[in-house]
Structure formats: structure tokens, C-alpha cells
Protein chains: 2
Amino acid sequence: MPRAHNSSGPPRPSEELDGRRAAILDAVVAEYVETAQPVGSAAVARSAGVGVSPATVRAEMVALEREGYLTQPHTSAGRIPTDLGYRFFVDHLSEPGVLGPTQRSQVARFFSQVRGEMEEVLERTSALLAELTSHAAVVVGPSHDTARIVSAQVVRLASRVGLVIAVLDDGAVEKATVEFDDDLADESLSVASAALAERFVGLALREVRAEEPIGLDPLSASIVTRSLEAVASIAERREPEHVFIGGSSRIASSFDAVETVRSVLATLEQQLVVVHLLNDVLDSGLSVAIGGEHGYEPLASCAVIVAPIAIEGAPSGVVGILGPTRMNYPEAMAAAEVVSSKLSRRFASVRHGESDPDEPRRG
Amino acid sequence: MPRAHNSSGPPRPSEELDGRRAAILDAVVAEYVETAQPVGSAAVARSAGVGVSPATVRAEMVALEREGYLTQPHTSAGRIPTDLGYRFFVDHLSEPGVLGPTQRSQVARFFSQVRGEMEEVLERTSALLAELTSHAAVVVGPSHDTARIVSAQVVRLASRVGLVIAVLDDGAVEKATVEFDDDLADESLSVASAALAERFVGLALREVRAEEPIGLDPLSASIVTRSLEAVASIAERREPEHVFIGGSSRIASSFDAVETVRSVLATLEQQLVVVHLLNDVLDSGLSVAIGGEHGYEPLASCAVIVAPIAIEGAPSGVVGILGPTRMNYPEAMAAAEVVSSKLSRRFASVRHGESDPDEPRRG
DNA sequence: GTTGGCACTCAGTAGAGTGGAGTGCCAAAC
DNA sequence: GTTTGGCACTCCACTCTACTGAGTGCCAAC
């Protein structure tokens, strides 16, 4: 997988790092992720995989700093990985990263117990992922763009208030209340429902167009017209995919600066932005966006990990982890991977009417 | 309105504060809310409503401290209101508190423009309230406990997967996917839908009981049975009222201690806890709970302001504001009041099929 | 090329000194 | 007797200084 981001920092490595430098960089990342303190040459030399003295490490660190992988908070401090350093670390992970046994059983337990509608599952999954990683987690459900309407009807809530309901074949239900000028007769409602069903079943939401009904009595016609408008307005409002955010309180523990915490949380509040962010990262072909790579200023000190949810091969949402750049990438990536694939399988099997392997068949 | 909380701090005022002490307390609260700095006697003496010298103010402040209304971070610092001090301040507000013109027009604009289903309105209202007050805001919609089913049906999502849909007369739609052992025939679906409608329309969700259908062909009977179970399970799951939280990022600006921020945010993540908190406060007859008054430890440094949403006199949800005890109570209370009453009116009129006064009739 | 030795740098900490905001007390004024 | 100005006192917050130690960069020796 080629590195796909286009950083513009002046110092760029002329060639790949040799094994020793890579090992030193790895050691710095590992140590810094754990301690949050700048890492000195002694600590690196002590770490496994680096068989040289501190003096040699120092020389290499100078090179790594010149090439932009490390930085020094100040002279006479240890080194900290730069975004580029993390990038190299992530791109050259030797092992895919695994979850601990506790986490694995947590995931297994979750997916064997969770029940209910997709929305509820996704919501709870975001909490699971946050719990697993100790970072904020985002789960975006499938877009309803391609889902087709399997049922459309209008029912009466009050004498002059109706509710138009469209059921999509992915299990979503869209609705809109409509106020009418006249009392709703049962008969008109049935006629209108039938007309709605006839026109809309089989269409995707965005294919819905409001059009004049023909050949109906005036009252039913007006109901149909208003209901058509309502369905069309649902499509227009194009309610973006539902976004579920779990563990946002973890953000507070991740950054020292209160202002950073505030701005990251504020960004998370804008669900549309979050969806775009995740999709951008996904589209760029990366599974990790570090620091400025994603281009969202307020999240410049964050790393984003994404993993697509794919139902029958079709991209159907995404799970994401949002934490400080100083995060345990292998673990977080593994968590995102596992959870997204579990979700994918869960929904694929539901759609097929097969039972999920995780979900014990109920008697 | 008598003070309804039962604090257990040892120092309690033997009698009410006289006018001067009250004025001094008010001045301390006002100043501290604005500056976040301990307030000295000079500042109090300078403030309008207190016509005495700093020396006199000092003497009174000693008394106020002895009686538990004020506290001193350290000798030779100014005074800070205690929770009891804020309580007195709130209980003895002379004017009800008003919103500024900007805020008023913001509210007016919002309610004249906002459209869509109740959930969407509530969601956006929580953002409005957060914006108005610069604090986190919570909006809890009406419970569906008493809502009656106006429509029930089952539709096919896949050959062996159905979706049971129940429409409630408050406009909510509940659903549950059901997996069947056999392919779903159109006819069985109609039969099952009819059976569901016959049994459930008119009932409240919690009145729904799974019962054996009689007099149906085996396939339809099994669909009905499973669907009945599904509806019953919806009722059991008793999805709590939807909770909408806006502006949680404001928490980060409200407290100095990161740990406080984290724990408050973590509490907000538990939506059930938030609902209980608001309802507890509401039930206690208060509109404000300050510091420890509500009994939720992690929110001990917060104040909670609530205002009920009442549709046709029936309690139908609540709006809340969550901020530091050092908050502008009159303004926040006014905001909660205005927003809750606007919401109440909006939904009352929708239910009646009348147009809301805020909402311009569309041509 | 690698290493130990060494001088150097600089954040962080601790201690001393200072300024100032604010208090508590008291005697004089009202 | 209530209020007030005066005054000594307290103690935080800030600054300055000195010191420590982690960690570096350089260099000569291996």
C-alpha cells in the first residue's frame, strides 16, 4: 500500500529508512505512546530490537530528526515522533496488531448478546469500540441512498393530522407528519395509501418525485398530493446517515490543553463533518489519518482510524476511532478491523435471513 | 415556593437574611459569575444596591460566611458563593430573568424556521439551548408510555425477513425485524398485518401481550406469533425516551479541572442517568438543582436547570441546562423557560392540527 | 562504524524575596 | 450602636535565582 497523503513539509527522506533507523523509530513511538514523555537515547538503546549504544542511537536520532520523523521539544530533551514518524510506523507495521484476550472476549460477548434494530446495534457498538480502545469512537450506518421503498402509507394521528410512512428494504422507516385542511376520512386514507404504495414501492428515496395524482376524488387527491410532497421532502431533507458517537468523554483524558478538548468535542458535535471526515479518509485509501493528513484543522492533533463496513461487498458505513496522535495504533487498528468485520457479517446475515454465527439461534 | 432541598451542612441560617445581607450576597454572586474571581469587599461596596463602606461589607461577609452562604478560598482572598449561597440567590430572585434581544430573536427565528418530526425538532432545540446559554443542554421528549397504537403491520424486507411496524398516535414509529423459518407469502403477510392491526390498534405499547393467534392457517399463524412476540419485545425493551444533548463541548470551557470535565461528560453519555436526573429534579418541585442538591456525585460541581414540556397540561418531557454552579442563573432559567414553553405550544398545536403561531402557514 | 567520555544546554523545581489584594480588628465618627 | 477609615496582618501570586539532572552533541579512542 503506497503512502497516499501529500504532506508538504520541507524535510523529506531521500530514501526509505534502513532497518536500524526503523527500529529506533519504532522504539521511540512505542515508548512515547506508553509514557507520554520525550524518549531519550538511553531508553531506546535499552529497548529490544536495537542492539547499539546510546551514542549510536543519538547519531541516528539526529538523522531521523533531520528527515522529519522525530522532533525535539527543546534541546536536551528526548525525541517525540512527528506525524510523519507515526505515518512511517503505521505503514511499516510488521504484525497486523492483535487484541488482548480480554478485549477479544469482550467483543465476542457483545456480538453474541446484542439484539435489536440496526440503529441500536450501531449505537451500542460505538460504546463498545470506545471501551475497547479508550478513545472516542464513531459508527456510521449505511446510507439509505440505494435502499428501495417496500411499503408506503399514510395513517391518521388526529382528525386533520396524518403521518406518512415509508419503509425501506434496509429496515429503515422514514416518516413525515402532514397537516391537512380537512378531516381525514378512512376511505380517503386507504385510497391515498394505495396511491402512495403504487407510485413509490420499488423506488429509492431520491427517485421519489411529487407529481399530480390523477383520477381520484378531490379529497383523496389532496391527501395524496400532500403525502407525495411529504415523501419528497423526506428525500430532500436527505437525513444524512445516522452517526453514533461513543466515549466522547475520553477526549478529555487525551489532551492536556482544554482548548484542544473543546475544539475536538465541538467538531464531534457536527455530525455531518464527522461523516465527511471518515468518508474522506476512507476514500483516500487509508485506514489511518494522522494529524494534519485529513485536513480538518480542529483535529490536527488527532489521529483517525477508519474501517469500512461492507455488506455483501458494498460499502455500507464505517467505524472510526478518534484519539490523540499519540495512540496505540496497532491495537486501535485491530479493534476497528474486528468490530467492522463483525458488524459487516452481522448485517449481511440478517439481510439474508441467515442466522449470524455469533448469534446463538434462539429456540 | 418553599425551599425543598434538604442539605445537611452544619451551618444553617437561624433566620432569613435581612435586606442588606441579601444585597451583598447578590452582589457577590453577580460579580463572581462574571469574573470567576473571589470577590472582595471593595467590589461589593462599589456595586449598586449596597450603600455601605467596604468595612461594613466585610463585617457582613463574616456573618454570611458563618451562616454558610459564602466561603473563602484562603485568608486574605475574597469570597465565593457556596451552593447554599447560590440557592438563596435563586430562591430570592426579584425579577424572573429575561433574555437579551439577540437571544430572543434567535429563539423566534429558530421556532419559525424549524420543521420536521418531533425528534428532529428536539435535537435541534438542544443545540439552540446550548447556543443560547453557552452551556450543555438536554432535551427529553415525551415518554411513549401512554401513546396508543394507531397502525400495526408487518412487511417483507427479504424472503424470510420481515419488519413489524407499529405507529403510535404521538407520531412515533416503533419497529422490529423478525426472521422467519419459511419464505413469506404475500397473502400471509396481509393476514398477519390484519391480525396485528385488529389486536393492537388502540392499545398502548405496554398493554401489548403476545398471545396465540387462533383460526389462521399455519404459516400466517406463525408469522403472527413471531410478530406478536416482536411487538411485545419492543414494549419490553421499553426504549427510554429519546434524549438529545447539545453543546456538550461547552463543558470543557466550564471547568478548570480536566478530571471534572471528563466525569461530567461521562455522565452525560449515560442517557438514562441524565433522564433520571432531570426527572428527579423536576419531581422535587425545583427548577434548579445546585451542586450536591440532586445527589449525583459526578455532577457535584454542576448546576442543573430544568423546565417541563407540557402538552395540554400533561408533562411531556423536559428541557435541561447543565453548567457549572457558577452560572448566570436568571438568564439560563429564562432560556429554559422560554424554550420549553415554545416547545410545548409547538407540539400541542401540531397534535390539534392547528398551525403554530410561530410557524407561518405555508401556501 | 561504534562507543565511552565529557562539556554543554535547558526544562523543571525549589527557595527567597516582593507586591498587592484583601482581610480582621479597633478606635473614632456619626 | 452602627458605620467608617485606618492599620497591621496574612497569604497568594509572581519574579528571580540557583540548582539539579536528563539528555544532547561532539570527539577521540577502539
Side-chain angles (χ1 to χ4, degrees), chain A residues 11 15 17-25 27-32 34-82 85 256-257 326, chain B residues 11 15 17-25 27-82 85 256-257:
Chain A
E15 34 191 283
L17 300 179
D18 63 27
R20 195 169 67 183
R21 285 193 190 163
I24 290 175
L25 179 53
V28 172
V29 170
E31 183 80 8
Y32 183 65
E34 195 176 340
T35 65
Q37 298 297 326
V39 183
S41 54
V44 172
R46 222 177 297 125
S47 94
V50 182
V52 291
S53 75
T56 310
V57 171
R58 282 200 288 279
E60 297 289 35
M61 282 170 121
V62 170
L64 283 166
E65 181 165 9
R66 190 180 51 236
E67 291 172 341
Y69 295 107
L70 294 178
T71 187
Q72 230 176 347
H74 56 85
T75 340
S76 91
R79 256 65 172 214
I80 285 177
T82 61
D256 292 333
R326 179 194 149 257
Chain B
E15 33 190 283
L17 299 179
D18 63 26
R20 193 168 71 183
R21 284 192 191 165
I24 289 175
L25 179 53
V28 172
V29 170
E31 184 79 7
Y32 183 64
V33 164
E34 194 175 340
T35 65
Q37 299 297 326
V39 183
S41 55
V44 172
R46 221 178 296 123
S47 94
V50 182
V52 292
S53 77
T56 310
V57 171
R58 281 201 288 280
E60 297 289 37
M61 281 170 122
V62 170
L64 283 166
E65 182 165 8
R66 191 181 50 237
E67 291 172 341
Y69 295 106
L70 294 178
T71 188
Q72 229 176 350
H74 56 84
T75 340
S76 92
R79 256 67 172 213
I80 286 177
T82 61
D256 292 332

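Just so we're on the same page: letters track the sequence lines, and every chain starts at 1. Small disclaimer: the values here were computed from a predicted structure and weren't measured.
- When each of Leu64(B), Val39(B), Val62(B), Val29(B) is tested with Leu70(B) by the rule side chain to side chain contact (heavy atoms under 4.5 Å, CB included), just one qualifies, namely Leu64(B).
- Counting only distance, with no hydrogens or angles, the side chain of Thr82(A) and the backbone of Gly68(A) share a donor-acceptor pair below 3.5 Å.
- Counting to the nearest Å, the C1' atom of dG21(D) and the CD atom of Gln37(A) are 14 Å from each other.
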query: How would nucleotides 13-30 of chain C be written as a contact map, 5' to 3', with B for base contact, S for sugar-phosphate-only contact and - for no contact, using protein heavy atoms under 4.0 Å?
result: --------BSBBB-----
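- Residue Ile80(B) contributes atom CD1, which lies 13 Å from atom P of dC12(D) at whole-angstrom precision.
- Put simply, NE2 on His74(A) is 10 Å from P on dC10(C), counting in whole angstrom units.
- The number of heavy atoms from other shown groups lying within 6.0 Å of CG (Asp18(B)) is above 12.
- Of all non-hydrogen atoms in Pro81(B) and Tyr32(B), the two that sit nearest each other are CD-CD2, 3.6 Å.
- Inter-residue side-chain proximity for Val44(B) and Glu60(B) is flagged as unmet; no heavy-atom pair is nearer than 4.5 Å.
- Residue Thr56(A) places at least one side-chain N or O under 4.0 Å from the OP1 or OP2 atom of dT3(C).
- Listed in residue order, the members of residues 43-52 of chain B having a heavy atom less than 4.0 Å from DNA chain C come to none.
- The shortest side-chain heavy-atom distance between Ser41(A) and Met61(A) falls under the 4.5 Å cut-off.
- The interatomic distance linking Leu64(A) (CG) with dG23(D) (P) rounds to 17 Å, in whole Å.
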